[in-house]
Amino acid sequence: MGEAIQANQEEATAVPPLSEALARGIADLFPAGRDPDPDQRLEARLAESARQGRPLRVKLGIDPTGSDIHLGHSLLFRKLRAFQNAGHTAVLIIGDFTARIGDPTGKSSTRVQLDAAAVEANAATYLAQLGQGQPPERALLDFETPGRLEVRRNSEWLTGLDLPQVIELLGIGTVGQMLAKEDFANRYGSGTPISLHEFLYPLLQGYDSVAVQADLELGGTDQKFNVAMGRDMQRHFGQRPQFGLLLPILPGLDGVQKMSKSLGNTVGLIEDPLSMYSKLEKVPDAVVEDYLTLLTDLDTAALPEGPRQRQKAMALEVTATRHGREAAVQAQADAARLVAAGLSGAGQVSGDLSAESVPEASLAGLAFPLKAFYLLSALQVCASSSEGRRQIQGGGVKLDGEKLSDPNQEFSSPQELAGKVLQLGRKTFRRLVA
RNA sequence: GGGUCGGUGCCCGAGUGGUUAAUGGGGGCGGACUGUAAAUCCGCUGGCUCUGCCUACGUUGGUUCAAAUCCAACCCGGCCCA
């Protein structure tokens, strides 16, 4: 008895706090009991893991519903990587089955269901963007070190469920729980339709945790309900319930709404350095600190105080984490030159810019002579030729720093344009090549 | 299944037979200003290699010289009842 108490005390004092890499930016961690109980406190579970030499299984699910991963997703992967670096096993679940239901979280309407082929294509591009096939130093996730990554698809276990099993799952949640979930509550309250199959989504995501025997699930704060559902599921199936580690939802470039492709306020993971840097260095001041915390490892206390300097430091560092420091520094310099050229109204920026930082746009395949407004849509700088026309009329289009004024201005040959830089507004640049 | 109300451009939302890509707001884009920001002001915001031509108000038909606006059927949804 006395020994047991002593052992407990030893354990209590022996549990180290979470490392900076694991703790940084966490919005919520549950359960967070006070006792040194490895089922109630993550620090204790980590200590147990170290003692037993058994890596924790850290689950992160992604639904391959789009083709691009953006910075808003990346903070979850960064945290997952931090667990990999600490020696744990990342279990990346590709929600190929659930993607076809559509996560109702954060949605104000039923999501369109995708077909299997589209989902599979998206999954492949996701893995590529996460760094599959690249060395761990350059990749977002460590794909190479043995035991550090499992990639699973939830169709593996969800496709085979039969009706009795589905009914068992449905029995674990209640209508009250579902309607208490904010998204459903809002939709129900405002008379927006909720399809019955949408109730299945949290249950299936929870069941994923059972299938992979997760110790910990990562997610955005909007995932709390679903992650908690995983705990209920695991308990029901006789497993130790997972911990939930939630990260903030990254605000988008507008600084207000969450970063989301449909809102058009994203920075893509594979975006070129110049546009990545240019977008980041003008995010609203209010979100710069969030970006620093969630997207970099910088010691924010050591940065200069001026908001503009912090903004630049953040943009540089985030760009560097994706493209390397050299490319980021180059992008920063190019961004400054472009702005200077734009402000002075002087042309001839093209020669000063490094080739790789301004995306190229090929003139090949275009029929000359062509008119200025058509050029914009043909190069996909504008969504339509009509929009191109309007942008020129609005004074937003420059060629080598010189404002175009006539949408109907004709260019007779590719040589007339090759080597020049086409600019739309302040953010969009294209180096024209023949 | 019954009753009832409704489906308008990226979103919300006017418009109820007749200049019209269709009031207004939001959002977005562009311009001025600025810190490449915010705030403010101004412009644009269906498509088309465009001085003109197309396509648009859930769908399909119909009435009419003329329809987003009238009629019919159908599809989809909210609410109430079952």
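Every value quoted in this text rests on a predicted model; they were computed, and no experiment measured them. Chain letters run A, B, ... following the sequence lines, proteins first, then strands; residues in each count from 1.
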Tell me which nucleotide among [options] gets nearest to the side chain of [X].
| X | options | result |
| --- | --- | --- |
| A:Tyr188 | B:rA37, B:rC79, B:rG47 | B:rC79 |
| A:Arg390 | B:rG46, B:rC29, B:rG31 | B:rG46 |
| A:Pro193 | B:rC48, B:rG35, B:rG78 | B:rG78 |
| A:Ser386 | B:rG47, B:rG30, B:rG35 | B:rG47 |

When we call it a touch if two heavy atoms are under 4.0 Å apart, what does [X] touch: a base, just sugar-phosphate, or nothing?
| X | result |
| --- | --- |
| A:Ser385 | base |
| A:Lys312 | base |
| A:Gln311 | base |
| A:Arg308 | base |
| A:Ala367 | base |

Could you tell me which nucleotide pairs with [N] by Watson-Crick or G-U wobble geometry, both distances under 3.5 Å, or answer none if nothing does?
| N | result |
| --- | --- |
| B:rC65 | B:rG18 |
| B:rC50 | none |
| B:rA37 | none |
| B:rG77 | B:rC5 |
| B:rA72 | B:rU60 |

For the [atom1] atoms, the ones on [N] and on [M], what distance do you get once it is rounded to whole angstrom?
| N | M | atom1 | value |
| --- | --- | --- | --- |
| B:rU60 | B:rA67 | C1' | 16 Å |
| B:rC57 | B:rU23 | C1' | 14 Å |
| B:rA66 | B:rC50 | C1' | 27 Å |
| B:rU64 | B:rC70 | C1' | 9 Å |
| B:rC53 | B:rU40 | P | 41 Å |
| B:rG25 | B:rG52 | P | 29 Å |
| B:rU19 | B:rG6 | P | 25 Å |
| B:rG27 | B:rU16 | P | 28 Å |

Q: Please say whether the positively charged group of A:Lys224, taken as NZ for Lys or CZ for Arg, lies over the ring of A:Phe30, i.e. under 6.0 angstrom from the six-membered ring centre and within 45 degrees of the axis.
A: yes
Rounded to the nearest Å, what distance is computed from the [atom1] atom of residue [X] to the [atom2] atom of nucleotide [N]?
| X | N | atom1 | atom2 | value |
| --- | --- | --- | --- | --- |
| A:Gln391 | B:rG46 | CD | P | 13 Å |
| A:Ile392 | B:rC50 | CD1 | P | 14 Å |
| A:Asp285 | B:rA39 | CG | P | 11 Å |
| A:Arg310 | B:rA38 | CZ | C1' | 18 Å |
| A:Tyr374 | B:rC50 | OH | C1' | 13 Å |
| A:Asp406 | B:rU51 | CG | C1' | 12 Å |
| A:Glu387 | B:rC29 | CD | C1' | 7 Å |
| A:Leu422 | B:rG30 | CG | P | 13 Å |

May I ask you to say whether [X] pairs ionically with [Y], meaning some side-chain N is under 4.0 Å from a carboxylate O?
| X | Y | answer |
| --- | --- | --- |
| A:Arg187 | A:Glu198 | yes |
| A:Glu150 | A:Arg57 | yes |
| A:Lys59 | A:Glu217 | yes |
| A:Arg322 | A:Glu271 | no |

Q.
Any donor-acceptor pair under 3.5 Å linking the side-chain atoms of A:Gln242 with those of A:Ser209?
A. yes
Q.
Is A:Arg187 close enough to B:rG77 that one of its side-chain N or O atoms is under 4.0 Å from OP1 or OP2 there?
A. no
Q: May I ask you to decide if the ring planes of A:Phe184 and A:Phe199 are parallel, tilted or perpendicular, using 30° and 60° as cut-offs?
A: perpendicular
(Q) Both A:Gly394 and A:Lys371 contact RNA chain B. Taking the nearest nucleotide for each, which residue is further toward the 5' end? (A) A:Gly394
(Q) Quick check on RNA chain B: between A:Leu370 and A:Ser278, whose nearest nucleotide comes earlier from the 5' end? (A) A:Ser278
Q) If every non-hydrogen atom of A:Leu294 is compared with every non-hydrogen atom of A:Pro248, which pair is closest and at what distance? A) CD2-CD, 3.8 Å
**Q.** Donor/acceptor link under 3.5 angstrom from A:Asp254 side chain onto base of B:rG27
**A.** no
